[in-house]
Amino acid sequence: MGGIAAIRRSRRWLAPLPPLAVLALAAFTLGGLSAGTTAASDPACRADPSAGVHDPSRLTIKSSCAVVTGTIVSRNSSRSQETDGDWSFDIQVDSSLRGTFPTTMHAEIVPQDSLTPPALGTHVRLVGPWVFDTQAFNSSPDEIHPVWSVAAVCTTCPAAGPPAAPGAPTVTPHNGGVNLSWAAPSSDGGSPIIGYAITYSPARPSDGSTESAGSGTSTSTTINGFANGTTYTFTVSALNSAGRGPAGPPASGTPFTVPGPPQSVQARASDAAAAVTWTPPASNGGQTITAYTITASPGGTKLTVDASATQSGFPGLTNGTTYTFAVTAANGAGSGPAATSNAVTPAALLPPPPPPGPPAPSPPGPKPPAPGQGFWMASSTGAIYPFGAAQSLGSTAGIHLNQPVVGIASTPSGNGYWMTATDGGIFNFGDAAFFGSTGSIRLNKPVVGVAATRPGNGYWLVASDGGIFSFGDARFLGSTGSLRLNKPIVGMAPTPSGNGYWLVASDGGIFAFGDAAFRGSTGSMRLNQPIVGMAGTASGNGYWLVASDGGMFNFGDAAFKGSAAGTAPTPVVGMAGEHEFADRRSGTPAMRRRPARSGAGRAPARVLLLASLPGLLPR
């Protein structure tokens, strides 16, 4: 303490004090007045805390009347170390007061020439000014300066009041709750802090409360029962025996957890790969989703995509191996539970099946086409049945389809065709080129048909709500996607120019777009059976409608050629216009006929649609 004493000579207290005061210093313990209590008559409490200090400019007065209890951990033991007559020591402040005072404080008593300081380890109670010494050395700059005077009576000591405001809380959100921490108030108001109250807004949904209180001096807590994704504002107030102090500054936080599982996870196989689609989880856990991860099983290969994606290709698979795909969503809390797709088996594309054998006898069907004429029938499995001059150019028979085939359209050359499934997946054969599909898009309604453009460099898909999807050189000319329909759309037909098309609903209602002209409809008629398809005339000035019982309705320059009403052995599901190859010798349409190859009795699934060969120009 020699160095400490030397540093402190310049600010010795000027007024000598009676030696009896020191006895009171050692006599008070925690069993006497409670720690932190300020007694108005305490002789150590002075109206002017800087009075008697040689150099007051070195001191910052933090409290004119503080009460500190603690244990002596160092002291001066002889007068030679305190030539100005002071004696001093350091105390370790009781833990119950460390929210208000520092852990270690320096105490200095002046002058006590004839008294021996208390021994190390003595528990003392000190009352007096609490100051901060800017030139403290080898000790705490926080000091307690008890000035003892048995005869003095303190009339200016402040009565205990509520604590000052704590600092703004630090909010750390978690699942359904938050962790809070804050700085203790700069003043306890003259009475020890006994607890803190935390208010929050809006109310906690678990019990409707807006406040939580806790006892003790801890400056952190955890509060649960909040709603994930809701932002809450928090304030903290301190409590002592005089009451509740003002609230500190507010701070906000938003509890959150991991997202829920993605929805509607679907997989579709291709050659050594698969396409995986999904929709976002019902809950994002209270925080924005940052990514999706797809895990293939078996193998465990992972693929992570951006949060905006709802589909992804998954390459590098082994043909012939059956896979499922687990999709998880992630946010700042981590990855949520997985949702698993259907099982799919990647496979190489199969060669087209051989042409069917000789047909079995069948009921009367459509009259056989002339030479140069022909058409295809397609089943819901994608099996192809060619008739007349039409040739099989490939099919999806033998391939596992995610959705059934619902439509077929020919290329202008007659050497290729497209088929579409209800999800808008496109299968192209011969000289039919792939221009795109809706296979990876989540559709509001299923696809019900396909129609090709006149050059064959594009096609349209139509959904049952009349939504149009155009690919290649097919131009979007309008749709009924935003209309409320009485009946679903069941088919479409393009105009010869390719600059228009008609849509037909199951009640025969007609919707014309582009240069397609309205020629009439069965929308106001009472039909025995619903309309299932339509075809336009070669001039584009008329069209036919066909019902599921084979009944025909003709409009514009479409001539009535008969119907299968009452005679069709199975329900009719579609139609296509008849086109002829020109006779290459005379330039006139060939009218000779030859028997058609019939697929009756051999279709593995119900027949869906007819597509005819297009005409060739004469030369």
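All figures in this text were calculated on a predicted structure; none of them were measured in a lab.
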Between I468 and F513, is the side-chain contact (heavy atoms from CB on, under 4.5 Å) condition met? List the steps.
CA-CA 11 Å; I468 294 292; F513 300 94; over 6 Å; no
Evaluate the side-chain contact (heavy atoms from CB on, under 4.5 Å) criterion for residues T277 and R442: first the C-alpha distance (whole Å), next the side-chain angles of each, then the deciding distance (0.1 Å), finally the verdict.
CA-CA 8 Å; T277 62; R442 183 181 181 186; over 6 Å; no
Tell me, with the steps shown, if K487 and I531 meet side-chain contact (heavy atoms from CB on, under 4.5 Å).
CA-CA 10 Å; K487 296 294 182 179; I531 298 297; over 6 Å; no
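Here the side chains of T345 and H400 are not in contact, with every heavy-atom distance at 4.5 Å or above. L485 places a side-chain heavy atom less than 4.5 Å from the side chain of F511. Side-chain contact between V258 and S335 is absent, with no heavy atoms from C-beta onward closer than 4.5 Å. For the pair P173/Y232, no side-chain contact is recorded, criterion being any heavy-atom separation below 4.5 Å from C-beta on.
Side-chain atoms of T254 and T231 form a donor-acceptor pair, as typed in the model, at a separation below 3.5 Å.
Looking only at distances, no side-chain donor or acceptor of T411 sits under 3.5 Å from a matching main-chain atom of A432. Looking only at distances, no side-chain donor or acceptor of Q311 sits under 3.5 Å from a matching main-chain atom of V276. The closest donor-acceptor contact from the side chain of Y417 to the backbone of S392 lies at 3.5 Å or more, if one exists at all. The backbone N or O of N284 lies less than 3.5 Å from a partner atom in the side chain of N331, making a donor-acceptor pair. A donor-acceptor contact shorter than 3.5 Å links the side chain of R204 to the backbone of N224. Judged purely by atom type and a 3.5 angstrom limit, D507 has no side-chain atom pairing as donor or acceptor with the backbone of G523. Q403 places no side-chain N or O within donor-acceptor distance of the main-chain N or O of D423, the cut-off being under 3.5 Å.
Interatomic distance, CZ of F427 versus CG of L401, reported as 5.0 Å (0.5 Å rounding). I384 contributes atom CD1, which lies 7.5 Å from atom OG1 of T396 (distance to the nearest 0.5 angstrom). Interatomic distance, CZ of F226 versus NE2 of H174, reported as 9.0 Å (0.5 Å rounding). S308 contributes atom OG, which lies 9.0 Å from atom OH of Y292 (distance to the nearest 0.5 angstrom). For the atom pair K445 NZ and S464 OG, the distance stands at 5.5 Å (nearest 0.5 Å).
For D207, the CG atom sits in a packed shell: over 12 heavy atoms of surrounding residues, nucleotides or ligands are nearer than 6.0 Å.
Among all heavy-atom pairs drawn from P280 and Q263, the shortest one is O-NE2, 3.1 Å. Residue D473 comes nearest to P455 through the heavy atom pair OD2-CG, 3.6 Å, listed as atom of the first residue, atom of the second, then distance. For P337 against P259, the heavy-atom pair with the smallest separation is CD-O, 3.3 Å. Closest non-hydrogen pair, A291 versus A307, comes out as N-CB, 3.8 Å. The shortest non-hydrogen separation linking V327 to P262 is O-CD, 3.3 Å. The minimum heavy-atom distance between A274 and F325, with the atom names listed, is CB-CZ, 3.7 Å.
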For residues 488-500, please give each side-chain donor-acceptor pair under 3.5 Å, one per line with the distance, not counting sequence neighbours.
from, atom 1, to, atom 2, distance (Å)
T495, OG1, S497, OG, 3.3
T495, OG1, G500, N, 3.3
T495, OG1, G500, O, 3.3
T495, OG1, D515, OD1, 2.9
S497, OG, N499, N, 3.1
S497, OG, D515, OD2, 2.4
N499, OD1, R475, NH2, 3.2

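In this structure, the ring of Y323 has its center no less than 6.0 angstrom from the ring center of F314.
Across I408, L461, V462, a single residue satisfies side-chain contact (heavy atoms from CB on, under 4.5 Å) together with T420, and that is L461. Each of Y459, F469, W460, F471 was checked for a ring-ring contact (aromatic ring centres under 6.0 Å, His included) with F435, and the lone residue meeting it is Y459. Under the side-chain hydrogen bond (donor to acceptor under 3.5 Å, both in side chains) rule, R519 has a single partner from N554, T537, D557, N541, which is N541.
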